[in-house]
Amino acid sequence: MAHKGLRFVLQSVFIAHPMDESNPLIEQRRSKLASLRSEGVDPFRAKFTPSEPCANSHSDFVEGRAVAVAGRLVSLRDMGKTTFAHVKDQSGALQLFVRKDDVGEAAYARFRHLDLADFVGARGTLFKTKTGEISVRVSEYVVLAKALRPPPAKWHGLSDTETRYRQRYLDLMSNDEVRETFLKRSAIVHEIRAFLHRRGFAEVETPMMQAIPGGAAARPFVTRHNTFGRDFFLRIALELYLKRLLVGGIDRVFEMGRNFRNEGISRRHNPEFTMLEAYQAYGDYETMMELCQSLICHVAQMVLGTLRIEHKDADGGVIRTIDLTPEWRRARYKDLVREKAGDDWFKIVPQQRRERAAKLGIDLAAAGEDFEVTSAVFEKLIEPTLIQPTFVTHLPKELVPLAKISGDDPDTVEVFECCINGQEIAPAYTEQNDPIEQRERLQHQAGGEQQKLDEDFLVALEHGMPPAGGIGIGIDRLCMMLLGQESIRDVILFPQLKPRDEPASPSPLAP
RNA sequence: GCCUCGGUAGCUCAAUGGUAGAGCAGUUGACUCUUAAUCAAUUGGUUCUAGGUUCAAGUCCUAGCCGGGGUACCA
């Protein structure tokens, strides 16, 4: 055998090698497929048009009404000459009542030997069984697709975390609440777009492959364009292109799409994540504050029907309740820091700040500059405690090079960070539109590396950008907050996992 | 990257260093209103991988792979 020497780390029948007919469960299903074909039934060529989704039979029940339904077989109870089965489609499950006398001997025998997870279509009439369950009295059925591998356990569902993420389709088919979560995520994304369109924002698409990845400080992914013979970077933010559009006269503009950051993976970080950025000309950060609050409340109300969101532990106990009812709290960054680290925090000398931060249990290994010490205090001790929606305003200017200096405190910028559920969900600024000051601050950030400066963006600013408010909303984190999920992997359909096919190796692209 | 916990039948899980088990699923049979159907019988294992200790390893040791949690990196 050519593949005899290969070893497969995961022995699961779900992932196993395509040729492993040696597994008896697969072998049996293949042989059932063969016998169907020998009877002249090809389950992969059948045509069938359902009259309605399965759940319709419940909402629109009329005794004796003719229906045609299709779905995956999720239960099969053979009573001898009568068989009960449930088929399930996206709307839900519906019971089929199949009698030998109704469908004929050959078809009945065939039905009894269908497997769980096969797809079938059935025609018949609606009725209620003795126990009152709405069902279809089947007069004829067709096999629509044979499943050659067994589904996860019908009662326990699938709980192995790794299989759930690697083969999400199994998770979706066996865990209803998971499917609900992702359908709600879809609804959230839809409502965000609807909200912004109503407010006159135009949705655009800007380059994901960029020569200079800007708009944030993050390590990018590298990719290569063969014809140009040069490397590109996957974008780390949307900002600089959307601002070019403000220059071009698109006054209300947004993009919702993937950003890529080449950093560690955690419960809160996926290398590719979905970001909404929206810019409104002639607005400022206060404009965006109103937009942020209205947008999130609108989405919660439309998708969840409530502004109170309960997060639960594995046993169903409520860990915390988030109340989105406006108006959301506003707090100045410095006030929050003083509250936690002492009223005199900003009066003492930098060395004293380091000592005090260390005493508070902060690891300062990465904090070189003084403002980074304060930032560490905020991120470690304050942000995690901001469960209820809070707009943190007046951040130190060093943290945000793309925002305007505050009128009432020149050390700070006109910015807010909207924190909910202990995480930063949305930063927003009064955008910097002074091209000279912008150039200085970006140059300062780039350090000596001149090639990192997006000259084209700076030229655009010199053509004049209207004053504007801008906001970025992390859609994955927003979904975690709204859908009560504690891990970003549970709101991303296919979270990034380490590939199993070959060992990690140095990249030819690596610098 | 580091710390820590985990990987056993298709699924969910057991198993003092001493014959690798159960429930469900599957297979065969009975049953024309079941619904986690029931009843009878029955198949199914490279215990993640590779070494090591031992008379004997799922269990102990070492290394690796993959995953969860934490931490680091992340304006």
Side-chain angles (χ1 to χ4, degrees), chain A residues 7-16 20 22-29 31-32 74-86 93 95-102 108 113 115-117 127-133 135 137 147 149-166 170 174 215-220 236-237 239 259 261-269 271 273 363 365-366 369 371-372 375-376 378-380 395-403 413 415 417 424 427 429 441 445 472 486-487 489 495 497-504:
Chain A
R7 292 186 195 284
F8 299 96
V9 175
L10 194 64
Q11 302 280 323
S12 159
V13 69
F14 297 135
I15 286 203
D20 65 354
S22 59
N23 184 297
L25 294 177
I26 296 177
E27 207 173 352
Q28 279 160 7
R29 284 173 181 250
S31 103
K32 284 180 174 183
V74 293
S75 72
L76 197 62
R77 292 176 296 281
D78 174 14
M79 306 290 299
K81 297 189 177 67
T82 301
T83 294
F84 292 88
H86 279 96
Q95 183 166 256
L96 303 182
F97 176 80
V98 184
R99 286 200 311 179
K100 191 177 186 176
D101 295 348
D102 293 339
Y108 184 74
H113 289 96
D115 287 308
L116 293 183
F127 79 111
K128 281 187 183 171
T129 62
K130 274 182 187 166
T131 54
E133 178 165 352
S135 307
R137 188 186 303 275
R149 291 173 189 261
K154 65 179 177 188
W155 189 242
H156 302 102
L158 177 69
S159 64
D160 180 76
T161 328
E162 186 172 356
T163 310
R164 285 186 48 228
Y165 296 152
R166 285 194 193 275
L170 296 175
S174 65
R219 276 158 57 200
I236 56 174
E239 180 148 359
N259 282 351
R261 296 188 183 177
N262 206 340
E263 286 152 7
I265 294 179
S266 80
R267 223 157 47 91
R268 285 171 231 86
H269 301 262
F273 61 100
D363 176 13
E369 309 253 355
F371 75 91
E372 290 174 322
S375 176
F378 180 79
E379 281 175 23
K380 301 298 169 199
L395 271 69
K397 64 179 184 206
E398 294 89 345
L399 286 174
V400 192
L402 292 159
V413 278
V415 164
E417 278 187 2
E424 181 192 336
Y429 318 152
R441 293 176 72 178
Q445 189 193 39
E486 307 306 319
S487 170
R489 297 183 190 94
L497 299 182
K498 205 162 178 173
R500 305 207 86 137
D501 49 1
E502 54 190 63

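Labels below follow one simple rule: chain letters A, B, ... track the order of the sequence lines, proteins then strands, and each chain is numbered from 1. As a basis for the values below, the full set of heavy atoms in this structure was taken, side chains included, without hydrogen atoms, waters or symmetry mates. Just so we're clear, the structure is a prediction, and the values are computed from it rather than from any experiment.
The main-chain N or O of A403(A) is found under 3.5 Å from a side-chain atom of R441(A) such that the two form a donor-acceptor pair. Under a 3.5 Å cut-off, the side chain of E239(A) and the backbone N or O of A216(A) do not form any donor-acceptor pair. A donor-acceptor pair under 3.5 Å is formed between the side chain of S174(A) and the backbone N or O of L170(A).
Distances from the side chain of K130(A) to the nucleotides rC33(B), rC74(B), rA72(B) place rC33(B) closest. Closest approach to the E263(A) side chain among rC73(B), rC33(B), rG67(B) is made by rC73(B) (side chain taken as heavy atoms from C-beta onward). If you check rC31(B), rG10(B), rU34(B) against the side chain of R77(A), the one that comes closest is rU34(B). In the set rG44(B), rU12(B), rA75(B), the nucleotide with an atom closest to the side chain of P24(A) is rG44(B). With rU12(B), rG10(B), rG26(B) as the candidates, the nucleotide lying closest to the side chain of P150(A) is rG10(B). Counting only heavy atoms from C-beta on, L116(A) has its side chain closest to rG26(B) among rG26(B), rU28(B), rU32(B). The nucleotide whose nearest atom lies closest to any side-chain atom of L158(A) is, among rU12(B), rU27(B), rU32(B), rU12(B).
Residue whose closest nucleotide on RNA chain B sits further toward the 5' end, between R489(A) and F127(A): F127(A). Heavy-atom nearest nucleotides on RNA chain B were determined for A217(A) and for S487(A), and the one closer to the 5' end corresponds to S487(A).
The two residues Y108(A) and T83(A) make their nearest non-hydrogen contact at OH-OG1, 2.8 Å. The two residues H86(A) and E133(A) come nearest to each other via the heavy atoms NE2-OE2, 2.7 Å. Considering every non-hydrogen atom in both A218(A) and I236(A), the closest pair reads O-CD1, 3.8 Å. The minimum heavy-atom distance between S135(A) and T129(A), with the atom names listed, is OG-CG2, 3.4 Å.
Nucleotides rC2(B) and rC60(B) are separated by 25 Å at their C1' atoms, to the nearest Å. Comparing the P positions of rG64(B) and rG70(B) gives a spacing of 24 Å, expressed to the nearest Å. Taking the P atoms as reference points, rG68(B) lies 45 Å from rU34(B), given to the whole Å. For the P atoms, the distance from rU8(B) to rC13(B) is 10 Å, rounded to whole Å. Rounded to whole Å, the separation between the P atoms of rU16(B) and rG58(B) comes to 13 Å. Taking atom P in both rC61(B) and rC5(B), the straight-line distance is 11 Å, to the nearest Å. The P atoms of rG18(B) and rU71(B) are separated by 38 Å, rounded to the nearest whole Å. Going from the P atom of rC74(B) to that of rG6(B) covers 32 Å, rounded to whole Å.
Not one side-chain nitrogen or oxygen of R219(A) sits closer than 4.0 Å to the OP1 or OP2 atom of rC73(B). Here T161(A) does not reach the OP1 or OP2 of rG68(B): none of its side-chain N or O atoms lies under 4.0 Å away. Put simply, K498(A) has a side-chain N or O that comes within less than 4.0 Å of OP1 or OP2 on rC66(B).
Nucleic acid contact class of K128(A) (heavy atoms, under 4.0 Å, all strands): none. Using a 4.0 Å heavy-atom distance criterion, L497(A) is classed as a sugar-phosphate-only contact. Counting non-hydrogen atoms under 4.0 angstrom, P427(A) reaches nothing in the nucleic acid. Within 4.0 Å (heavy atoms only), E133(A) reaches at least one base atom of the nucleic acid. Residue contacts shown for Q95(A) include a base, since a base heavy atom lies under 4.0 Å away. Within 4.0 Å of G132(A), counting heavy atoms only, lies no atom of the nucleic acid at all.
Side-chain contact between R149(A) and I26(A) is present, with at least one heavy-atom pair separated by less than 4.5 Å. Taking the side chain as every heavy atom from C-beta outward, E372(A) and E398(A) never approach each other to under 4.5 Å.
What separates CZ of R267(A) from P of rA72(B) is a distance of 13 Å, to the nearest Å. The CD atom of E372(A) sits 10 Å away from the P atom of rA75(B) (whole-angstrom rounding). Remark: C1' of rU43(B) and CG of N23(A) are 12 Å apart, rounded to the nearest angstrom. Put simply, CG on N259(A) is 14 Å from C1' on rA75(B), counting in whole angstrom units. As a whole-Å value, the separation of K380(A) NZ from rA72(B) P is 4 Å. Going from atom CG of D115(A) over to atom P of rG26(B) covers 7 Å, rounded to whole Å. As rounded to whole Å, 12 Å separates atom C1' of rG26(B) from atom CG of L76(A). Atom pair R268(A):CZ and rA72(B):C1' shows a separation of 13 Å (rounding to whole Å applied).
A donor-acceptor contact under 3.5 angstrom links the side-chain atoms of T129(A) to the base of rU34(B). Side-chain atoms of D78(A) stay outside donor-acceptor range of the base of rU34(B), with no qualifying N/O pair under 3.5 Å.
The partner of rG17(B) is absent, by the rule that a Watson-Crick or G-U pair needs both atom distances under 3.5 Å. Under the Watson-Crick or G-U wobble criterion, with both distances below 3.5 Å, rG67(B) is paired with rC5(B). As the counterpart of rC39(B), rG29(B) is assigned, both hydrogen-bonding distances of the Watson-Crick or G-U wobble pattern falling under 3.5 Å. When both pairing distances are held under 3.5 Å, rC74(B) makes no Watson-Crick or G-U pair with any nucleotide shown. The base-pairing partner of rA56(B), taking Watson-Crick or G-U wobble contacts with both distances under 3.5 Å, does not exist among the strands shown. Checking rG51(B) for Watson-Crick or G-U wobble geometry (two distances, each under 3.5 Å) identifies rC61(B) as its partner.
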